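Down below is the structure, laid out as structure tokens.
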Amino acid sequence: MTLHAWQVIGTLAWLIAGTPLLAQVEPSTPPNRSFDIQVVSSAYRLGSGDRINITVLNVPEFSGPRVVLPDGTISLPIVGTLRVEGLTTAQLEERLGELYRPYVKNLSISAIVEAPRPVNVSVLGEVNRPGPYTLSSQITGGGMQMDTPVGLGTGSGISTGPGSRGLTVSQALRLAGGITEVADIENIMLVRPLPDGQKVRRRVNLWALFQDADTTQDLPLLDGDALLIPRAQSNKPGYDVALVNNSSLAPSTVEVKVLGEVKRPGLANVAPNAPFSDAIVAAGGATNYADWKRSQLIRLNPDGSVSRWEIAAILEQGRDPEKNPPLRRGDLVIVPRSLGGDVVSTLNDAGGTLNLIGNLIFLVRNLTRF
């Protein structure tokens, strides 16, 4: 055998022997924990309250449903107590295989979440009802569905848990009453806790849904996630506030208060960014005593200051933002009484008083006759 042949054989032997060692080498640079959220923890992880169905093929004694206890453990035959909190079902199957392999030949194990625990998420910032939300799960004929949370209308159609895409960012915004008029959906922050106690953060750009139909930005949420919706900068380049506020992410109506010379004073519901005149229409329109040319719009700003505008409530002005500004939730609309209306009202009041006096005199005269 030639020297060249021995060199080839030696090189092949070195490669074969070195392959396992190369496979065990881990990257020296840790992954970017700010942007690996889907890779690290997008799979459903077990927690307290999950109901799991474990099947060990041909061994019914080891099979059956198990509920994850508040301490994150389940009880198993022979094995005893096993901590499963934070594991995926695939990791649980692998762990069960290690534990049962000494007792079972040709081992085949499957673990399925039959009923996921309630999902707790927090939605904070520029939404109409910020705070924590809990959605409880139930088993239906079509799979796992989420019960409608308190305060949300029926028919939400939200599903979660393994086997479904789950509650998404956009659905969570709707659960929280929709975004406010100044929300920045281009820079939503998703904060997710990991099993090791650390947290990862991911920027979510739902504006890409409207620009590029990028549905990958509408990430599924897991138990413990938090969404932070910031305030949009004024005159943000390329960001169409009107388009966002007319989308499904915004509430269908906002509540304003209308006082003064309107037929139905009090709270009124109008569409988001509806023109000022819509509030007067929603309150039944102005009365005959109204001075609609001196109507006022009063707004409490987030910084505590108060803005006030005097506006002529003319329906024909359309949606001109200068003459008919868009409304926001919590706005106060006041329609004052005109000078002529004051005079007419005073005369009516005076006439009513004179009529009352005349009726009393008439009654006294009639009584004296008896």
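Please read these numbers as outputs of a predicted model, since none were measured by experiment.
- Residues V56 and L82 are members of one and the same hydrophobic cluster, defined by side-chain heavy-atom contacts under 4.5 angstrom among Ile, Leu, Val, Met, Phe, Trp and Tyr.
- At least one side-chain heavy atom of D225 sits less than 4.5 Å from a side-chain heavy atom of L190.
- L267 and V258 sit in two unconnected hydrophobic clusters of ILVMFWY residues. Membership requires side-chain heavy atoms under 4.5 Å apart, directly or through other members.
- Nearest heavy atom pair, residue P77 against residue Y100, reads O-OH, 3.0 Å.
- L87 and V79 fall within the same hydrophobic cluster, defined by Ile, Leu, Val, Met, Phe, Trp and Tyr side-chain heavy atoms under 4.5 Å apart, directly or through other members.
- Pairs of residues two or more places apart, or lying in two chains, that qualify as side chain to side chain donor-acceptor pair (under 3.5 Å) and include a residue from residues 61-72 are D71-T73.
- When every heavy atom of V270 is checked against every heavy atom of A279, the shortest pair comes out as CG1-CA, 4.0 Å.
- Within the 4.5 Å cutoff, no side-chain heavy atoms of M189 are placed close to those of R202.
- The side-chain heavy atoms of V254 and N273, taken from C-beta on, include no pair separated by under 4.5 Å.
- Interatomic distance, OG of S110 versus CD1 of I112, reported as 5.0 Å (0.5 Å rounding).
- Side chains of N128 and T180: no donor on one and acceptor on the other come within 3.5 Å.
- In plain terms, the two heavy atoms of I188 and P230 that are nearest each other are CA-CD, 4.2 Å.
- The structure places CD of Q217 at 12.5 Å from OG1 of T168, a figure rounded to the nearest 0.5 Å.
- Here the closest heavy-atom approach between residue A183 and residue A232 is recorded as O-CB, 3.8 Å.
- Distance alone, capped at 3.5 Å, is enough to place a donor-acceptor pair between the R45 side chain and the G86 backbone.
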Could you go through the side chain to side chain contact (heavy atoms under 4.5 Å, CB included) check for V84 and V68 one step at a time? CA-CA 8 Å; V84 299; V68 182; 3.9 Å; yes
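- A salt bridge between D291 and R294 is present, with a side-chain N of the basic residue lying under 4.0 Å from a carboxylate O of the acidic one.
- The distance from the CD1 atom of I185 to the OG atom of S247 is 6.0 Å, given to the nearest 0.5 Å.
- Smallest separation of non-hydrogen atoms from G224 and P193: O-CD, 3.4 Å.
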Step by step, would you call E126 with R231 a salt bridge (Lys or Arg N to Asp or Glu O under 4.0 Å)? CA-CA 6 Å; E126 293 300 328; R231 181 182 298 273; 3.0 Å; yes
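- The shortest side-chain heavy-atom distance between D278 and N324 does not fall under the 4.5 Å cut-off.
- Annotation: the span from I78 atom CD1 to Y103 atom OH amounts to 6.0 Å, rounded to 0.5 Å.
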Carefully, step by step, assess S122 and L227 under the rule side chain to side chain contact (heavy atoms under 4.5 Å, CB included). CA-CA 6 Å; S122 296; L227 290 174; over 6 Å; no
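- F210 and W207 have tilted rings, their planes meeting at an angle from 30° to 60° on a 0 to 90° scale.
- Taking 4.5 Å as the limit, every side-chain heavy atom of V67 sits out of range of all side-chain heavy atoms of I52.
- Under 3.5 Å, the side chains of D223 and Y44 contain no donor-acceptor pair of N or O atoms.
- Cluster note: L332 groups with L259, I298, L300, V306, I334 through ILVMFWY side-chain heavy atoms spaced under 4.5 Å, whether in direct contact or through intervening members.
- If you chain together hydrophobic residues whose side chains sit under 4.5 Å apart, I74 and L99 fall into the same group.
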Derivation of the salt bridge (Lys or Arg N to Asp or Glu O under 4.0 Å) call for R83 and E85: CA-CA 6 Å; R83 184 169 185 80; E85 185 174 19; 3.0 Å; yes
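- For the atom pair L107 CG and L96 CG, the distance stands at 8.5 Å (nearest 0.5 Å).
- When atom types are taken as modelled, the side chain of R95 and the backbone of Q91 share no donor-acceptor pair closer than 3.5 angstrom.
- Atom CD of E310 is surrounded by more than 12 heavy atoms from other residues, nucleotides or ligands within 6.0 Å.
- When side chains are defined from C-beta on, D218 counts as touching L206, because their heavy atoms get closer than 4.5 Å.
- Contacts classified as salt bridge (Lys or Arg N to Asp or Glu O under 4.0 Å) and involving residues 246-261 (residues at least two apart or in different chains) are given here: E261-R337.
- Between the side chain of E181 and the main chain of R329, a donor-acceptor pair closer than 3.5 Å is present.
- Considering only heavy atoms from C-beta on, L175 stays 4.5 Å or farther from V123 through its side chain.
- Looking at heavy atoms from C-beta onward, N187 lies in side-chain contact with R203 at the 4.5 angstrom threshold.
- In this structure, OG in S307 is found 8.5 Å from CZ in R328, a value given to the nearest 0.5 Å.
- W309 and F276 fall within the same hydrophobic cluster, defined by Ile, Leu, Val, Met, Phe, Trp and Tyr side-chain heavy atoms under 4.5 Å apart, directly or through other members.
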S248 vs R174, test: side chain to side chain contact (heavy atoms under 4.5 Å, CB included). Steps then yes/no. CA-CA 8 Å; S248 61; R174 289 195 288 269; 3.6 Å; yes
Would V113 and L46 count as a side chain to side chain contact (heavy atoms under 4.5 Å, CB included) here? Give the steps. CA-CA 8 Å; V113 178; L46 300 174; 3.6 Å; yes
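- Taking every heavy atom of both residues into account, D214 and L209 meet most closely at O-CD2, 3.3 Å.
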